[in-house]
> 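Starting off with a structure, shown below.
Each chain gets a letter, A, B and so on, in the order its sequence line appears, and its residues count up from 1. Keep in mind that the numbers below use all heavy atoms, side chains included, and drop hydrogens, waters and symmetry copies. All figures in this text were calculated on a predicted structure; none of them were measured in a lab.
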Amino acid sequence: MRYQPAQIEPKWQQVWDEQKTFKTSTDMAELKGKPKYYVLDMFPYPSGAGLHVGHPEGYTATDVLARYKRMLGFNVLHPMGWDAFGLPAERAAMRDNIHPAVITKTNVDNFRRQIKSLGFSYDWDREVSTTSADYYKWTQWIFLKLVEKDLAYMAEVPVNWCPALKTVLANEEVKDGVYVETGDPVEKRVMKQWMLKITAYADRLLHDLDDVDWPEGVKEMQRNWIGYSLGAKIQFEVENAQAQFGVFTTRADTLMGCTYCCLAPEHPLLKDITTPQQREAVDQYIQTAGQKDALQRTDLEKDKTGVFTGAYAIHPVTEKKVPIWVADYVLMSYGEGAVMAVPAHDERDHAFALKYDLPIVEVVSGGEKSVQEAAHTGNGTLVNSDFLNGLDVSAAKERMAAWLEEHSRGEKSHNYKLRDWLFSRQRYWGEPFPVIHFDDGSYETVPVDQLPVELPAVDEYKPTDDGRPPLARAGDEWLMVELPDGRKGMRETNTMPQWAGSCWYYLRYLDPTNSEEPWSKEAENYWMPVDLYVGGVEHAVLHLLYARFWHKVLYDCQREDGSRWVSTKEPFQKLFNQGMILAYSYRDARGKYYHPSEVEEKDGKWFVQASGEPVETQIEKMSKSRLNVVSPDEVIEQYGADAMRLYELFMGPLDQTKPWQTSGVDGVYRFLQRVWRLAIDEESGEVSQRVTDEAAASQADLNKLFHKTIKKVTVDLDNMRFNTAIAAMMTFLNEASAAERLPKPILMDFIRLVGPFAPHLAEELWARLGGEGLISLADWPQHDEQLCIDDTIKMVLQVNGKKRDEIDVPRDMPKGEIEQLALGNERVLKFTEGKEPRRVIVVPGRLVNVVV
RNA sequence: GCCGAAGUGGCGGAAUUGGUAGACGCGUCGGAUUCAAAAUCCGAUUCUCGCAAGAGAGUGUGGGUUCGAUUCCCACCUUCGGUACCA
């Protein structure tokens with residue numbers, strides 16, 4: 001009987017399902033006493049397209065680790081769920097007028113089927129979906145906590161409005177003036193929206209990054225996004241007016257070089273200080289600047305514009321007049337919305353000064369060019385600066401800050417780039433806000449005991465004709481609320497962004513069916529933090545920053561008994577980003593793509609089979625339009641789930657971007673077949689003749705190699721080096737299948753090593769060989785260190801750093817003897833040509849280098 | 001521009017407290033088995049020169065440190081990701 005994954009895989013999946021093999025106990029008493037391991041995948045958005053082979057890469061890695069840790073005796077928490085609110089389902093709903101819940105259910109069912117077909121050891125009893133009312137009840141509950149702590153507020157704010165989607169977007173969702181997901185342009189609008197005060201946590205979000213084991217790049221991205229900078233806030237008086245404004249600067253040392261000031265177009269002071277002569281020009285400038293969308297502002301980056309307000313500021317030190325301009329290179333959203341311009345030492349101010357012929361005064365010497373030509377932003381010695389002259393930049397910063405504080409004209413200060421999180425969306429398929437609005441503009445939150453506020457039925461899923469969000473289509477029965485005290489209000493018609501549900505799902509997995517509270521204290525205490533979190537790097541800022549923020553808020557919130565809602569400062573102790581999986585695509589000269597099955601290779605070049613036309617091949621992101629998407633379904637059909645799992649990990653290091661090559665699956669498939677044949681006689685279907693009942697030690701060489709293999713696989717798994725772990729098992733298999741006799745104990749332990757990687761095959765062989773119980777619940781083999789040490793070592797002999805020979809020497813041979821052996825070596829003598837060695841270097845266990 | 005990651009055979013990739021470059025796999029070539037094929041098994045496979053033994057070159061480029069560099073240092077090139085008037 002041959003290796004037939006199509007038969008054994010569904011069989012074992014059914015066994016695991018029926019026996020609930022991977023169910024994690026909910027009994028705290030039972031859990032205690034064993035160490036825990038919480039290994040989490042970023043849960044997917046269940047799209048209509050189903051999985052492609054990129055999805056299971058991370059899932060396979062976490063599954064191998066979950067199975068490995070279980071075999072090592074850990075209580076393992078390994079759940080899966082659905083981030084199921086969101087745009088694609090809503091769009092489909094709009095188009096076909098089907099409830100998005102119906103579309104979502106179909107997609108989730110398909111995703112679950114695909115994920116299950118890979119034999120992952122999830123505890124399906126803990127499956128959650130952000131769209132179920134049982135779940136979003138608690139999302140709303142957390143929102144109430146945010147309101148309670150004054151971290152959620154409504155404000156008239158300039159928002160990113162996306163006309164194509166008819167909704168607002170968060171800063172994090174917009175790049176270069178377009179929505180990052182769809183590329184639709186975004187424009188500025190002022191709207192009254194819910195905001196979350198993430199800026200109140202900027203400091204902790206920044207500093208606690210030091211305590212987590214995350215890729216340095218991701219930490220850096222978050223640091224950059226939070227954007228801390230240290231500097232000073234300086235007050236400027238306006239001449240002939242009872243007005244003043246502050247500026248933030250990181251270069252207080254250059255204050256004496258300030259030759260003008262600039263306010264952002266949105267700065268409130270403009271209407272008070274602009275002189276009548278300049279009024280018209282300024283008003284017009286403000287209006288034009290307001291109309292520019294983000295894209296235009298980006299495009300016009302280089303070309304700075306501005307208008308003189310006619311007003312002058314009094315320089316806080318020299319008390320000389322400096323003109324006040326308005327310019328849209330100054331952002332209202334950062335710092336004070338105003339800058340002191342020092343053209344000699346700031347590139348932007350320099351460009352602006354050149355354009356409008358404003359004076360440029362050098363105050364830091366040491367630039368390569370004259371400051372009239374280019375700004376000198378580097379270090380140097382202060383000049384033209386009164387009491388700062390002669391100091392270097394950092395000393396001058398200190399001195400100036402001290403002077404400003406003494407004279408009450410400024411103080412040390414810091415700023416964050418991070419802005420509050422815009423939390424409203426004008427969509428249907430999201431969590432409703434538990435909020436009731438009244439005619440007078442006030443609002444109240446819905447009491448906890450009335451949660452969840454469920455999504456109402458609506459006739460259509462698009463905005464109303466007068467531009468209100470889809471929830472405004474719900475009837476008065478849902479919209480209008482009468483409170484016990486007789487007041488009448490109207491429900492909020494915005495919904496929360498998709499990020500809301502994913503901000504805390506890792507906590508719901510701990511206790512997914514709890515109807516009294518979002519999670520129990522005991523479960524949280526036992527399982528948190530997440531020990532390993534695996535997902536794509538695309539969430540480096542958005543999801544991971546938002547989730548950390550909510551987690552910290554929950555850390556600050558108390559239960560009735562005074563304990564914290566979560567016990568850890570950070571949710572995800574270790575983060576790992578799997579690399580993207582790319583695929584080959586084939587395109588002709590006209591740019592038309594061809595499916596891999598339509599092309600053929602000849603002498604390293606590719607041609608369309610039908611026409612013989614040449615095509616270019618390139619490695620690109622998988623996408624429908626490039627016809628290069630590989631579905632796990634087709635791979636499993638052809639090779640089985642075990643081969644699919646193995647190839648996902650054998651391709652290369654998990655964190656690396658790498659191309660999918662279906663031909664590469666052949667290699668791992670052959671490996672699995674050979675493992676099968678190692679144990680099973682294909683003719684009879686019985687256990688192979690060569691498998692003997694003798695002790696492992698009776699085949700000494702093979703046993704030694706096997707113990708080295710155990711060690712290698714174990715160390716590699718601990719370091720998430722799956723590809724080299726698989727290579728080590730292949731190496732062992734090559735030796736084992738060449739051996740005439742294979743002691744059964746070795747074979748049984750080898751199958752345990754294979755288990756986490758190819759669990760179906762391993763269960764089947766384990767059962768056929770008479771293993772006890774399921775291999776999924778068996779112990780991990782231990783290596784014997786003694787057997788991993790060789791008695792003789794291969795030593796390389798070099799002459800002048802070049803390898804000339806290698807010899808076998810006993811492991812404990814003294815250095816001197818090795819040296820003698822090397823110097824007497826025939827090949828060494830040939831290359832030393834009779835010359836006296838100048839130096840001989842002996843590296844024990846490695847090599848001897850003879851220098852002449 | 002700034003920040004981060006990475007450049008190794010025909011291909012995916014191994015090897016880093018500085019010590020045999022190319023593990024393992026794909027592909028290719030040769031052989032066995034077969035009436036034939038598939039499958040399977042065995043062998044070869046960095047490049048150049050050579051019948052061979054062997055020699056030389058070689059980890060993006062150019063320098064440097066060292067007995068010895070894929071690994072450390074300096075400069076540069078390329079690719080990918082992030083970010084972009086943040087004062």
Side-chain angles (χ1 to χ4, degrees), chain A residues 2 175-176 215-225 227-229 231 247-251 254 262 264 297-298 300-304 327-331 333-342 345-349 351-352 415-419 537-538 540-541 577 579-580 582 584 601 604 646-647 650-653 655-668 670-671 673-674 677 682 721 723-731 733-734 737-738 794-806 837-852:
Chain A
R2 305 192 51 204
K175 196 197 144 189
D176 293 338
E216 218 27 65
V218 174
K219 287 192 190 185
E220 205 50 34
M221 274 191 242
Q222 292 220 349
R223 288 191 190 109
N224 290 340
W225 192 266
Y228 173 83
S229 53
V247 303
F248 175 74
T249 180
T250 55
R251 295 296 304 273
T254 63
C262 255
R297 256 174 99 150
T298 315
L300 298 173
E301 193 179 312
K302 301 248 152 42
D303 187 27
K304 299 203 167 17
D328 70 359
Y329 82 89
V330 180
L331 308 175
S333 52
Y334 184 77
E336 304 293 315
V339 299
M340 62 172 218
V342 185
H345 305 291
D346 181 281
E347 279 163 18
R348 295 151 302 180
D349 298 342
F352 193 81
N415 249 307
Y416 294 99
K417 232 164 81 180
L418 184 70
R419 288 179 241 165
V537 73
E538 63 272 22
V541 176
N577 297 123
M580 209 192 312
L582 308 175
Y584 286 88
E601 196 213 322
L646 216 51
Y647 180 64
F650 187 61
M651 289 169 80
D655 55 358
Q656 206 162 304
T657 299
K658 44 210 177 275
W660 180 273
Q661 287 172 289
T662 298
S663 68
V665 188
D666 283 321
V668 294
R670 271 175 217 155
F671 168 73
Q673 285 186 69
R674 297 181 64 204
R677 282 202 303 269
E682 288 196 324
R721 291 193 299 240
N723 54 330
T724 50
I726 294 166
M729 292 190 288
M730 287 175 166
T731 305
L733 177 69
N734 288 341
S737 42
K794 207 169 265 179
M795 292 276 288
V796 168
L797 304 183
Q798 294 183 331
V799 178
N800 289 339
K802 277 192 178 145
K803 180 184 165 190
R804 295 303 178 188
D805 204 359
E806 49 182 58
R838 263 199 297 155
R839 214 174 140 184
V840 180
I841 292 133
V842 181
V843 184
R846 293 278 186 188
L847 53 70
V848 183
N849 188 13
V850 180
V851 187
V852 294

> Is the base of B/G43 syn or anti, if syn means a glycosidic angle within 90° of 0?
anti
> Compare the minimum distances between each of B/U20, B/C85, B/A87 and the side chain of A/D328, then state the nucleotide with the smallest one.
B/C85
> Classify the nucleic acid contact of A/V796 as base, sugar-phosphate or nothing, counting any heavy atom under 4.0 Å across all strands shown.
base
> Mind checking the C1' distance from B/C76 to B/G22? Whole angstroms is fine.
27 Å
> Using the test ring pair (Phe, Tyr, Trp, His ring centres under 6.0 Å), find all partners of A/Y584 that sit at least two apart in sequence or belong to another chain.
none
> From C-beta outward on A/E220, which listed nucleotide comes closest to its side chain: B/U40, B/G4, B/A15?
B/G4
> Taking only the side-chain heavy atoms of A/R804 (C-beta and beyond), determine which of B/C41, B/G19, B/G56 contains the nearest atom.
B/G56
> Can you identify which nucleotide, out of B/U83, B/U20, B/C85, has its nearest atom closest to the A/K304 side chain?
B/C85
> If each of A/N734 and A/T249 is mapped to the nucleotide of RNA chain B with the nearest heavy atom, which maps nearer the 5' terminus, i.e. the 5' end?
A/N734
> Let's see if you can work this out: which of B/C24, B/C67, B/A14 has an atom nearest to the side-chain heavy atoms of A/M730?
B/C24
> Expressed as a whole number of Å, how far does the P atom of B/U65 sit from that of B/G50?
36 Å
> Given B/G12, B/C67, B/A87, which nucleotide is nearest the side-chain atoms of A/M651?
B/G12
> What's the closest nucleotide to the side chain of A/R839 if the choices are B/C24, B/U20, B/C67?
B/C67
> Please list, chain by chain and in numerical order, all residues satisfying side-chain hydrogen bond (donor to acceptor under 3.5 Å, both in side chains) with A/R2, sequence neighbours excluded.
A/Q673
> Please work out if A/K803 contacts a base, only the sugar-phosphate, or nothing of the nucleic acid, heavy-atom cut-off 4.0 Å.
base
> Taking only the side-chain heavy atoms of A/T724 (C-beta and beyond), determine which of B/C11, B/A15, B/G68 contains the nearest atom.
B/A15
> Hey, what's the ring geometry for A/Y334 with A/F248, parallel, tilted or perpendicular (30° and 60° as the breaks)?
perpendicular
> Just checking, any donor-acceptor pair under 3.5 angstrom between side chains of A/N849 and A/R839?
no
> What does A/E806 touch in the nucleic acid at a heavy-atom separation under 4.0 angstrom: a base, only the sugar-phosphate, or nothing?
base
> How is A/Q673 classified with respect to the nucleic acid when contacts are heavy atoms under 4.0 Å: base, sugar-phosphate, or nothing?
sugar-phosphate
> Suppose we define a pair by two distances each less than 3.5 Å, Watson-Crick or G-U wobble; what does B/U40 pair with here?
B/A32
> From B/A87, B/U83, B/U20, pick the nucleotide closest to the side chain of A/T250?
B/A87
> Would you mind pulling out the nucleotide paired to B/G58, Watson-Crick or G-U wobble, both distances under 3.5 Å?
none
> Look at all strands and tell whether A/S333 reaches a base, only sugar-phosphate, or nothing, counting heavy atoms closer than 4.0 Å.
nothing
> Where the side chain of A/R670 is defined as all heavy atoms beyond and including C-beta, which of B/A87, B/C24, B/C26 is the nearest nucleotide?
B/C26
> Surrounding CD of A/E538 (heavy atoms of other residues, nucleotides or ligands, distance under 6.0 Å), is the total greater than 12?
yes
